[in-house]
Structures are given as C-alpha cells and as structure tokens.
Enquirer: 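Structure provided below as structure tokens; questions to follow.
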There are 4 protein chains.
Amino acid sequence: MAKSSKKDDIFAAALTLFAQRGFDATTMPMIADSAQVGAGTIYRYFTNKEVLLNELFQKSIREFLDALKQGFPNEPIPVRDQFHHIFRGLFKFAESDPDRLKFINSTGNALHFHDESKESVNEFMGFLNECIHKGQQQGAILILPTEALMNIVYGAFIHLFEHFNKGLLEATPELMNQLEECLWNAIRVH
Amino acid sequence: MAKSSKKDDIFAAALTLFAQRGFDATTMPMIADSAQVGAGTIYRYFTNKEVLLNELFQKSIREFLDALKQGFPNEPIPVRDQFHHIFRGLFKFAESDPDRLKFINSTGNALHFHDESKESVNEFMGFLNECIHKGQQQGAILILPTEALMNIVYGAFIHLFEHFNKGLLEATPELMNQLEECLWNAIRVH
Amino acid sequence: MAKSSKKDDIFAAALTLFAQRGFDATTMPMIADSAQVGAGTIYRYFTNKEVLLNELFQKSIREFLDALKQGFPNEPIPVRDQFHHIFRGLFKFAESDPDRLKFINSTGNALHFHDESKESVNEFMGFLNECIHKGQQQGAILILPTEALMNIVYGAFIHLFEHFNKGLLEATPELMNQLEECLWNAIRVH
Amino acid sequence: MAKSSKKDDIFAAALTLFAQRGFDATTMPMIADSAQVGAGTIYRYFTNKEVLLNELFQKSIREFLDALKQGFPNEPIPVRDQFHHIFRGLFKFAESDPDRLKFINSTGNALHFHDESKESVNEFMGFLNECIHKGQQQGAILILPTEALMNIVYGAFIHLFEHFNKGLLEATPELMNQLEECLWNAIRVH
DNA sequence: AATGAATGAGTCTTCATTCAT
DNA sequence: GATGAATGAAGACTCATTCAT
C-alpha cells in the first residue's frame, strides 16, 4: 500500500550503506543503485551528500528517541522499572534495524555533522541523563555525574549489541535479563 | 640523541589524523605535512595507505595489550585487584595518548583491516576474556558469557573516556575510583 | 546525422597519440583533451588506460585484417595476383590512416598487451602466412618457413611506409608498382 | 682484466632494460639495481635519463656502423659480395647482443632523441644508402630511390631477426643463406 | 519529476632527481 | 666518488555533482 517514496528509498539505502561502509566509503552511485533511483534523483531530495547524512542522522536519532519515549510512563514508577523500560527500548530499537543503531553510533560521521545534528545528539543524551537524574533524586541511582553513568550504560549497550549483531552471541531473553541486571548494578545504589 | 625517525613521525601523524578524521577523510598529503616529510617518503616505509593503517593499528593494539599486561601480577591475586589493575591500565593507556585509544576503537577502520589486524583484535579481546574467565572460576564474577561481560566493561570504558576526552567531565581520582566500582558492580557476583 | 560518439572520439584521439608518442608517453588528460571530453569520461568507456590500449589495438588490427580480406578473391587466382591484392591492401590501409598502421606496429605496446591482443596478432599473421602457404603449394613462392617470408614482406612494407609517411619519399603509383615487384621478387621462385 | 667501469655497467643495464621495456617503462632505480650501482651514481655520468638514452643510442649505433664497416673491403668487389658482407654483418651484430639491435630499432625512443641522435641515424642510413648507390652504379641493383631499397632490406631484416630472437624460428646457416638470397632478389636487377 | 552521461577537482601513488653523509 | 633516503611534481583514476533529455 504505502508506496515507498523515492526519498524513503534513498534514506533506507543510505542508512544501510553508511552503517556498513561509513560515510566516505559510500558513493552516491552506490546509494542510487541500492535505492533503485538515478544518481541525479538523490539531488532532487538532498542538496548534497553531507546534507543527506545529516538529515538521515537527525531522522534516525529522532526515531530512536521516539522509540525510547514510546509508552514511557509519565507517572512516577519505580526507577528500576524505568530502567527496564529503557533497556528494553534500546534493545527493541536495535533489533528492529541493526544498521540504524550502527549508523547512529558511527564515530566517523561526526566529522560531517552540522550543528543541528550535534544538537539532536544532545537532545537524545539529555533524555537519558534526565532519566538517570530522576533515579538519583529517588535515591536509587548513585550520585555521580549523570553523563558518566549514562555513558556506562549506553556504551556498554552499544558494544554488547554490536557483538550480538555480529552473530557472536545470541541474545536470548534470559541473557538479556541478566545483562540488564548487570547494567543496573553498575549504576544503582548498593 | 633520540632522533625521531621518519617512520615514527609518520606513525604519529597518521595516528592523530586517523583518530580524528578517520581513514577515508585523511589524505596522504595531510599525513605528510603533519609528519613534516614529503608525500613520497611515506611510500618508502609503507606500501600504501591501507598498509600504513594496518601496521599502525597492529602496533597500537600491541602497545595497548603490552600496557595492560605491564606489571600484571602473575601470582594469584584477588580478582577485584586484577580488575583494578586492568581498569587503571586502560585509563593510563588512554590518558597517555587519547588519540591512540580513539584510533584503536574507530569503527570505520574495520573495512580496511587485513587478517592480521583482525587477529590482533582477537588477541587483545582474548586477554580480557581470559581475565574475566579467571574471575568466574574464583566465583567472584558472574557466570555469563565472558564476551558479554567484557563488552560491558570495555564498551563502557571507551564511551566514558571519550566523554572525558571531550573535556565534558574531569577524571578526578575520586571519580575514577567510583566508576571503577560501578563497572566492577556490573560484573561481580552479588 | 553521423554523430561521432564519445567512445569513437576517444578511440581516434588515443590512436593518434599512442601512434605518435607511445603508450607510456601519452597521458590520459592528453587523450581527453584531444578527444574533447573530460578526463573522467574516458573511464566510462574503458576500465583503465591499458584496457583502452588493448581494445583499440584489437579493433585496429581487426580493421586491418578486414581491409586485407575485403574483396579478397575466394576463387583460385594466380598467386602473383593475390600478392598484388595484399600489397595494395596493405598500402591502402596504411594510407587511409597512417597512425593506425604505426600504432599497430608500435613495438612498445606489446609490454601492455593482454592475451586477447596477442591472439589477434596471431590471427592477423596467420592470414598472411596462409596466403604464402598457398603460393608455395602452387609452386610460385619459395619453400622456406612461411613466417620468414611473411616477415620479409611485412617488415619491408612497414619500414617503407614509415619512410613515405615521414614525407621523405613520395609514393607514386609507378614507385609502388616497382616496390611491389621488389617484394614479390624476394619471395617468388626464380 | 678490463675492470668494467661503472659507466659501462650503467650502459649495459640501460641497454637491456630500454630494449625490453622501453624508455618510459624503465625507471632509473631499475637501471641502478641492474647495474649494481646507487641510483645517484647514474647522475654522475649522465645529466639525466634522456641524456643517458641519447648517449647510449649514439654509442650503440656507432658500434653498429663500426661492425658493418669492419673489414668492409675498400677495393671494388662485386656488389653481390658487398651485399653478402652487409647481410652477414647485420646478422653477426644482431646475434652478438639481440637487445642492442632491438634497442636501436625501438620506435618509442625517437620521441626523446636529441638532434645528435637523429644525426647518427642519418649517418648509419647514409652508409647503407651509399652501398646501394654503388651497386646501382654498377648496374647490379635496381634504379629506384636508394632509401626505398634500403628500407626494404633493413626493415625485412629487423623483422626477421626479431622473429628469430623470439625463438620462433632457428637461424640455421642454410636458412640464412636463403634469406640473404631473398633480400638480394628484392633489390637486384633481374 | 527522473535520469545517467559527462565533468573535473581531488586523491593515491610513482619516479626522476637531489644532496647529506 | 658513491650512495640511497628524501622529495615533490606529475599521472592514473574516482566520484560528487550537474544538466540536457
């Protein structure tokens, strides 16, 4: 039904290629081929390659943030449950399209980021920081710089998922429960 | 005395540029300029750009491993002390040259890795896995796949250090102690 | 109408330059300028410079062979008349585009020949050998290795034509008749 | 005894490489390696690569001419005997070092020739022309432009010898006699 | 709107030549 | 005199971008 628009095709193709090859090693013709459009067509939707990267990044991280906020309880719930919610949210998003997570976390892209992309990173990180901050206020999470705690959880998660994604380890429900507990133990008050 | 050889100058220049710009966005003239050598000189020491990347990577990760093993007690010591040793080793190495750690963990490079480089990654990860495995045998570390635990610690550390490196947070001795405790809590038996 | 295609323009420019300067002394920008196309355009039609050389060579020698076979009588005619036919064919081809003959006989190219090009040389020489062989069977041509006789005629012709081409001698009809007779005398039975 | 001087070593190495690879495809380091001297040493004897080429060419063609004139009877002998002398001289020279003949006749070199080299070619060709001219005066050789006849003989010979040199045909004494006769028939008065 | 042939600026890499030892 | 490490100018080739169709 939903006829995929050319623009979406380009987004999808670019996402996969940027994730797997990086920005510089991905050529516009590659994207065009993969998206089944002419090379010139990309320029009807994006001013240039860098703009494509930035729009794609902002879209992706926005979707990431939406996915995390999705069904996030506004009402106060135990911090541990919030953490559960976020951890599963991260995982569900990562599973839904591993390339999207990989793309978002590709360090090589930062060189080409416009201010707006940097801002969207801040917004994303701000959300995670805020969650941690609330947990701290409730006395459940250690009183350490929120960004430090956030990077522990996020950094650990990214590396873990990359490992799963390579097929080196299977993300069974049981293992996921255990890993969630590990990360919770890292930041909770003992 | 310590006449820095051209090859070392090239290594140093390439390390910084690869770390900060990535492989593809770094041009050979950039490296030559930064190393204060002619562009052609690089090719006296390295067959091509990719070989330079791989030699640099293998050298860097070998130094990393050496730094971690450096003074690593052969005799059985409490696992917690081993963990302390490794965590401090990671940090000391990272501090000694932040670009070196960033370069080693640049995801974008993998596309250009030769088998030998992949092997050196395995060797490095193997060491960390082994440490975790010993801790498990002593009953101090959770019985989960060692690679999962390793990625938690390593991934968290990398992201943490990157944050420090950006100057967003200061790595005070006290904070480092606390973060070390966090990561230990993530993997220890409770 | 006869819109000369870019590929043909490139072929024509490369032919002249390769003939007059040789493969190595001809740069791709030279070819591009001469063909009035962008340097990158050449690569849309030819994988690289060597492929351009080989395609051009095979095309040229095929045209040469076609020119010689053109109107070549299938029915048995006197060997002397066959010789006449070939000699004039050589000359007509050479005259039609002196660079083409020079290019075909540039010794320097052989270093860069692919197997297919070597094969096309064999095919061409095979035709000339066959002609000589038939003449031998009819008792008109000396019983010597055909390749030796062929090299006499062909080598003499190439040097002769090169001399004409330099403008050092004019190829009058009368002279051509006489030279044809000379070469015939070289290989005929006396 | 005759300690080969560096200069001679360089000449010898360059001769082989220029003959087999051509001027442009031969690098100075190649020549240096082959001559077992340092790359810089070449420049002590030759201003640059082109000068090396020209000096080598002039030396080679002078040797060629000397070889042909060597023992050439000043006194009037039958033209046929003169022809025999020259034909054998060509062959002996070619056999003594096939690369030398190949080098002399490499068409690709002409692009880099200085006037002096062109002059030495003229001198060489002049000698052959003169021989033919004398034969014409004696009524033994056809009255055609001497350069045409010369190119027939010389061009045929070069191609023949190249064929021998490739090992495609063996230059037996008998065959040589026959080929000499062929070429003589090409230019003699019948 | 869509295409893809064409472009040329920019990259990697080679190699003639220099010069400090 | 001899060397070979060092240089940088020049060439092959790629690819982001344009534009005629």
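A, B, ... follow the sequence lines: proteins, then strands. Residue 1 opens every chain.
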Enquirer: What nucleotide among dT3(E), dA1(E), dA5(F) has an atom nearest to a side-chain atom of Tyr45(A)?
Expert: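 Among dT3(E), dA1(E), dA5(F), the one nearest the side chain of Tyr45(A) is dA1(E).
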Enquirer: Tell me every residue that passes side chain to side chain contact (heavy atoms under 4.5 Å, CB included) with Ala39(A), counting only those two or more places apart in sequence or in another chain.
Expert: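 With neighbours one apart ignored, the set is Ala32(A).
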Enquirer: Can I get a per-line list of side-chain donor-acceptor pairs under 3.5 Å for residues 42-54 of chain B, giving both atom names and the distance, sequence neighbours left out?
Expert:
from	atom 1	to	atom 2	distance (Å)
Asn48(B)	OD1	Glu50(B)	N	3.1
Asn48(B)	OD1	Val51(B)	N	2.9
Lys49(B)	NZ	Phe23(B)	O	3.0
Lys49(B)	NZ	Thr26(B)	O	2.6
Glu50(B)	OE1	His114(B)	NE2	3.1
Asn54(B)	OD1	His114(B)	N	2.7
Asn54(B)	OD1	Ser117(B)	OG	2.5
Asn54(B)	ND2	Glu50(B)	O	2.9
Asn54(B)	ND2	His112(B)	O	3.0
Asn54(B)	ND2	His114(B)	NE2	3.4

Enquirer: Nearest whole angstrom, please: distance from the P of dA2(F) to the CD of Gln36(D).
Expert: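 The distance from CD of Gln36(D) to P of dA2(F) comes to 15 Å, rounded to the nearest Å.
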Enquirer: Who pairs with Asn109(A) by side-chain hydrogen bond (donor to acceptor under 3.5 Å, both in side chains), at least two apart in sequence or on another chain?
Expert: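 None.
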Enquirer: Measure CD1/Ile31(B) against P/dC12(E) and give the value in whole Å, please.
Expert: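 Result: 8 Å.
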Enquirer: State which residues pass side chain to side chain contact (heavy atoms under 4.5 Å, CB included) with Asn165(B); sequence neighbours excluded, sorted by chain then number.
Expert: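 Listed in chain order: Pro98(B), Phe161(B).
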Enquirer: Do any pairs count as a salt bridge (Lys or Arg N to Asp or Glu O under 4.0 Å) and have a residue in residues 100-110 of chain C, sequence neighbours left out, and if so which ones?
Expert: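 Those involving residues 100-110 of chain C are Glu63(C)-Arg100(C), Lys102(C)-Glu162(C).
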Enquirer: Can you list, pair by pair, the side-chain donor-acceptor contacts under 3.5 Å of residues 15-22 of chain C, counting residues two or more places apart and other chains?
Expert:
from	atom 1	to	atom 2	distance (Å)
Thr16(C)	OG1	Ala12(C)	O	3.2
Gln20(C)	NE2	Asp99(C)	OD1	3.4
Arg21(C)	NE	Ala25(C)	O	3.0
Arg21(C)	NH2	Ala25(C)	O	3.2

Enquirer: With a 4.0 Å cut-off, would you call Lys118(D) and Glu123(D) a salt bridge?
Expert: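 Salt bridge between Lys118(D) and Glu123(D), a charged N being under 4.0 Å from a carboxylate O: no.
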Enquirer: Take atom CD1 of Ile42(A) and atom C1' of dT3(E), then tell me their distance rounded to the nearest Å.
Expert: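 Spelled out: CD1 on Ile42(A) to C1' on dT3(E) is 12 Å.
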Enquirer: Report the stems of DNA chain E as range-with-range entries sorted by first number; a stem here is at least three consecutive pairs, Watson-Crick or G-U wobble, both distances under 3.5 Å, and write none if there are none.
Expert: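 DNA chain E stems, ordered by first number: E:2-21 with F:2-21.
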Enquirer: Return the set of residues passing side chain to side chain contact (heavy atoms under 4.5 Å, CB included) with Thr107(B) (not counting sequence neighbours), or none when no residue passes.
Expert: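 Expected list: Thr107(A).
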Enquirer: Measure NE2/His112(B) against P/dT11(E) and give the value in whole Å, please.
Expert: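 In whole Å, dT11(E) P and His112(B) NE2 are 15 Å from each other.
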Enquirer: May I have the distance from Phe46(D) (atom CZ) to dT18(E) (atom P), rounded to whole angstrom?
Expert: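 In whole Å, dT18(E) P and Phe46(D) CZ are 15 Å from each other.
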Enquirer: Quick one, give me the B/S/- string for nucleotides 10-17 of chain F, reading 5' to 3', where B means a protein heavy atom under 4.0 Å from the base and S means that only happens at the primed atoms, P, OP1 or OP2.
Expert: -SSBBSSB
Enquirer: Round to a whole Å and report the spacing from CG of Asp9(A) to P of dA2(E).
Expert: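 Those two atoms, CG and P, are 11 Å apart.
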